[in-house]
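To start, the structure under review is shown below, and the notes come after it.
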Amino acid sequence: MLNPGDLNALVLTLQLAATTVVILLVLGTPLAWWLAHSRSRWRTLVEATVALPLVLPPTVLGFYLLLLLGPNGPVGGALVAMGGAPLAFTFAGLVVGSVVYSLPFVVQPLQNSFAAVGHGPLEAAATLGAGRRDRFFTVAVPLAARGFISAVTLGFAHTVGEFGVVLMIGGNIPGRTQVVSIAIYDHVEALDYGHAHVLSAMLLVLAFLLLCAVYWGNRRFRGVGA
Amino acid sequence: MLNPGDLNALVLTLQLAATTVVILLVLGTPLAWWLAHSRSRWRTLVEATVALPLVLPPTVLGFYLLLLLGPNGPVGGALVAMGGAPLAFTFAGLVVGSVVYSLPFVVQPLQNSFAAVGHGPLEAAATLGAGRRDRFFTVAVPLAARGFISAVTLGFAHTVGEFGVVLMIGGNIPGRTQVVSIAIYDHVEALDYGHAHVLSAMLLVLAFLLLCAVYWGNRRFRGVGA
Amino acid sequence: MSLALSVALERPGFRLTVDQTLPADGVTAVFGPSGCGKTTLLRCIAGLERPRGRIVLDGHVVHDDADGIWVPVEARRVGLVFQDARLFAHLSVAGNLRYAARRSGATAAERDELLELLGIGALLRRAPAELSGGERQRVAIARTLLARPRVLLLDEPLSAVDEGHRREILPWLERAVAELRLPTLLVTHNLDEVVRLAGHLLLMDGGRVTAGGRLTEMLARPDLPLARREDAGAVLEARGVGYDARHHMSELRCGSTPVWLAGEHVPEGRAVRVRIHASDVTLALESPGATSALNRFQGVVETVTAEPAEGRCLVAVATDGGRLLASLSSLSRERLGIEPGRRVWAMAKTVALV
Amino acid sequence: MSLALSVALERPGFRLTVDQTLPADGVTAVFGPSGCGKTTLLRCIAGLERPRGRIVLDGHVVHDDADGIWVPVEARRVGLVFQDARLFAHLSVAGNLRYAARRSGATAAERDELLELLGIGALLRRAPAELSGGERQRVAIARTLLARPRVLLLDEPLSAVDEGHRREILPWLERAVAELRLPTLLVTHNLDEVVRLAGHLLLMDGGRVTAGGRLTEMLARPDLPLARREDAGAVLEARGVGYDARHHMSELRCGSTPVWLAGEHVPEGRAVRVRIHASDVTLALESPGATSALNRFQGVVETVTAEPAEGRCLVAVATDGGRLLASLSSLSRERLGIEPGRRVWAMAKTVALV
Amino acid sequence: LAMIPGLAGAAEIHVAVASNFTHAMQDIASRYEKTSDNEVTLAFGSTGKHYAQIVNGAPFDAFFAADVKRPRKLESGGHIVKGSRFTYAQGRIVFWSKDTDAFDDGREALKGDGIRRLAIANPRLAPYGLAARQTLEALDQWQRLQPKVVMGENIAQTYHFVASGNAPVGFVALSQVIGPDGEVSGSHWVVPESLHEPIRQQAVVLKDGQAVRDFIDFVRGPEAGAIIERYGYRRPAAE
Ligand SMILES: Nc1ncnc2c1ncn2[C@@H]1O[C@H](COP(=O)(O)OP(=O)(O)OP(=O)(O)O)[C@@H](O)[C@H]1O
Ligand SMILES: Nc1ncnc2c1ncn2[C@@H]1O[C@H](COP(=O)(O)OP(=O)(O)OP(=O)(O)O)[C@@H](O)[C@H]1O
Ligand SMILES: [Mg+2]
Ligand SMILES: [Mg+2]
């Protein structure tokens, strides 16, 4: 049913989604924390900026990323000048694109959860001798579990389905940048509907099982309000 | 700078996003409420199903919606049989597509916020004589304000930028289904970069102002943990 | 108005079984160790838990699972002051009060009276997060009263409130409850509050009611755990007979015994209750001379409950005004030869109106 | 270990200004009306607020904004039992305790002792949401003590705890605090707790310290608001001189006066403090006959603080064992002719160890 | 056959057009609207999407595809007006770089070792991609260069790759790089049509009507033909 290219694409997609989610958590968590606790005047602006990439159509966003990351673009040019390789048509490029595009889906749930946790438990942890990092990981994070679950599932699913950005900066290189969303798209465009159906169904089932597993696991947590 | 077609597209986009958000809130709020409070075995499955449309590339999702809503599809066919018009290539069709695609971005923040509010304040409201509906609107909703803000901003932004679904089931008909994301895409595809830049910049500025206004307004709320 | 309960609720490791009819009006204190089910009982009455059984409130069945009757919380008009206040975080203090008043039709005058009394007038524009613990409790009390409930359930409402405020709030609450004929359940660990407010007492332990009845009787029973408290004591019924304006003292009769009450004006003929701490009662075999102990009851020793391990005993003395409790050291008891049947003078320096 | 505070904190409508050095060890009770700033003061000491000023803990400056010194909360090793418990919702009771123990190195034996003492052993696997109010407070106390703090701040730790548990917890806490020489600040509205635990007392009102000093002195001052409480009374220093095993009574000397203490064994020579409620003290002009009032102090009336509106007065009597407070009705006072300088017998039926 | 303005009454014609033909069609349509009261509404997009939309009832009167395959499929599916399928333009591909110094001789450059990355359109989806692949095969370079290939979903995307410099060279449509003066900037080699099958772009009429027929006639007429050529397409050989 599936040709090796499709399988390749599936594996690549999972790699991309997983990498993206990890990076999003690493970047998004401190950002969300800052947004949840800051009283800075800049907060509103940063908050709005995070959500901004969403309003551009993904292909267009991808187009601008292409300009940005290309050898003549500011980022790509700098990379090349520093002896690096431009990011377009590489897995790393896909990751950058996916991260930019899925950032708000990770930051917003985390921010809301951190705000809901509030200062109370953190103050308690501090009086029990837990330092900043300690209480962040042992109190704030587990109490914000729901936010993390949302962040991970939305970030993951959105990256899997994400397509315009990846299409634009990926170059559709089998095994390197051809993710499953593009593969399905190709099948549809080529009027190869049967193939598209099979691949979509597989993706849906896989995603469904993953999501169920995550949500089911989540039931064990006692987060805020749980 | 902008031709009348672009302006048309902008207006249509705002209409679409506003309509979609309203419908998403109407559908998503009870769903999120149920997900936050239910102990049903089905909860996990429903939760996963809500997030599922995300994993399909939007164009592909649009393709399936087209099959579903078109005159030969089960939904479209039934509509036609009942004397209605099929939804494909109409504004109503765009709304249906956007709603399906943005649902998880509305449901998840609401669900998390409702869960964070918990039973305590609702019980208190009940003892003060507030009935189910009353306490929902006067206690649960304002306490979940952060969730609503996230739901509205993510839902709105995502609908504005959303593109694949709309392109597929809308048919890019100027004045009727050509939203601004497609217009920008068209400009890019036609290598009409200057035009694309102007339109993108306009969209970004508009969205940025809207988002800032919403987030800034949000500061006044004292939601859970705020 | 009456409250008939017959409920059973299971929780892991805990089982509440209460089968009790509470008096028509006035305050019933619920007393018992932490975790014995007091809060759970109030929640059942309010309709926040769904136990098996039947709850009849003022003749209306509000819950009967045999008949499938279930009146929802908001229709029961049961006012519950939660142990943890539960103010609405999104509303200011004023907003919280308005929330209740709007739904009950309480007037601005009622509100202002409560603000004054509870000393929260200056806090109206604060957010609940900006209140101290005691301020929060007082706002919660005001909010509940503004909902004009038909039944009042108070779950340790004054635990974080200082003595000063408590002394202002209690008499007012007493009056309010009496005027509105509000049947009230009061959970507290403070016996003073119980004695002050309650006509009835429910003792709970391990999810069951271990004893219940009129406060005066319950307090004078040396067999109940109450008698083992440091602040144990009896409450007697008395009646005003005169008032000495110069010394600001009322003369009462408790049976045939004249009792002097300082700092209060009890009108002639008015029935009141006075409290006499067991530790305040001194026993003597003969009428003593001039001391500042004004109140001298003649009576007969009924029982002596010795607690040798503690070197003390509790002596119940029957007087014609009611039963008094006196706490004695075993040494005094031996010296005076206190035994059941012995005639004694019981002297109480202080009696307090409750 | 000592605690020197000189802090000022502004809030809308509230201003905390405290300039006080607290004693080296033992318990200092903080007493004052709701909203007077008690919790805020503890938060400043713990490092949860950042006031202007300087805080010196055991010789270490933990906060001095002139020098820019700031030791963060977690490094201060200040144990704070919050008014609202603040258990971690994501951990079980056992998990909450483990959280503290892991970071302090407290042993399983310490934990088990606390579980036993606080009566929470059966709750280990519960989630905080499944605890009653009093259970929650007890778990919070255990958690804080397992963190092995160097300073203990208790914010109404027993307000939701019943008398039975309180009677078990207090003496233990007293001992623990004494053994570990833990300087402790205790916020409470319960004078019994203060008297039981505290050696020093800080009275606060409106964000300022209105009086502070040794408990015995503070309690015997008729000019302080404490004296106006129903449970006002003096605390005297005494010393064990004998023990009557049969009656389980200890004989003490308070100055030259023999004082009998029921239900306790005070070893010879041991210094203790006893509390005598003002309402328990009867005055007489001559030595009275046989009554159950065993303890008779001879002394001289120092002051009479009349509160004519209440028909009562507070009489301070200087004895050679210390100053006693007696609360009298104005009538008795007149009848006996109590005036400063008058020699009187003060009889206290009951004295209680504190 | 020329319409007499005002007599036929104004009609609106909905036309789906392959993205690569955007500019040419916009030009043609505006010319047409000057000669007629009919109004032409253009919907641009990928031919695969248009196909799916048409099959599912999209309200288009005519469809200008990017290839032959999809119009043919529509014909066999009975979705078009019988006999209306015709080739309206024939595309040309160019081996192109934005950099004027990239190469002098495209053919040699393709055979050399200097190619780091080569952009083509997806041969499976876009006829321009197929032609590029056929060209490389004819030059016997496909096997060798395949690992260097990055694919755009369509020819526009391929152009973005090359124009932004992310891919130094690529096969794009002549129509994309030809200037108004007929000149091509940058290094370029217009691929001889002998190296690949003709890139025929076909159109079909989906809903018959006076106005559509009138518009199709205009497209097939000399004025439109000139426009088509100016945009870098070849006029179809007479069929
Ligand atoms: N977060 C806050 N923001 C503004 N004001 C506050 C805040 N928290 C407390 N206050 C105010 O500061 C004053 C002192 O509060 P604090 O909590 O220290 O009182 P407290 O003495 O502990 O009272 P209680 O016995 O009722 O707990 C009060 O007037 C209170 O209303
Ligand atoms: N949500 C819950 N789930 C499981 N057990 C609970 C829950 N809430 C309370 N309990 C348990 O039920 C019993 C009764 O609790 P309840 O809150 O009624 O006690 P209480 O008498 O009000 O005590 P306190 O004086 O400490 O407030 C306790 O053993 C408690 O641990
Ligand atoms: Mg309780
Ligand atoms: Mg406080």
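Just so it is clear, the structure is predicted and the values come from calculations on it, not from any experiment. Throughout, protein chains are lettered first and strands after them, A, B, ... in sequence-line order, and every chain is numbered starting at 1.
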Original post:
Once you round to the nearest 0.5 Å, how far does CG of Asp134(B) lie from CZ of Arg102(C)?
Top reply: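 That separation rounds to 10.5 Å.
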**OP:** Go through the steps for Arg132(B) and Glu74(C) under the test salt bridge (charged side-chain N to carboxylate O under 4.0 Å, His left out), then give the verdict.
**Re:** CA-CA 8 Å; Arg132(B) 273 172 154 296; Glu74(C) 62 270 20; over 6 Å; no
Original post:
What part of Arg86(C) is in contact with chain B, defined as an atom under 4.5 angstrom from a non-hydrogen atom: side chain, backbone, both or neither?
Top reply: both
Original post:
Where do Val73(C) and Glu123(B) land on the side chain to side chain contact (heavy atoms under 4.5 Å, CB included) test, with the steps shown first?
Top reply: CA-CA 8 Å; Val73(C) 190; Glu123(B) 290 183 352; over 6 Å; no
**OP:** Could you please spell out the steps behind the side chain to side chain contact (heavy atoms under 4.5 Å, CB included) verdict for Arg103(C) and Thr138(B)?
**Re:** CA-CA 12 Å; Arg103(C) 283 161 183 79; Thr138(B) 56; 3.4 Å; yes
Subject >> Any Thr127(B) side-chain heavy atom under 4.5 Å of Phe82(C) side chain >> reply: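 Counting from C-beta outward, Thr127(B) and Phe82(C) do come under 4.5 Å.
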**OP:** Indicate the atoms forming the closest heavy-atom contact of Ala125(B) with Tyr99(C), along with that distance.
**Re:**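 Of all heavy-atom pairs spanning Ala125(B) and Tyr99(C), the closest is CB-OH, 3.7 Å.
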Original post:
Under 6.0 Å from the CD atom of Glu10(C), do we count more than 12 heavy atoms belonging to anything else shown?
Top reply: yes
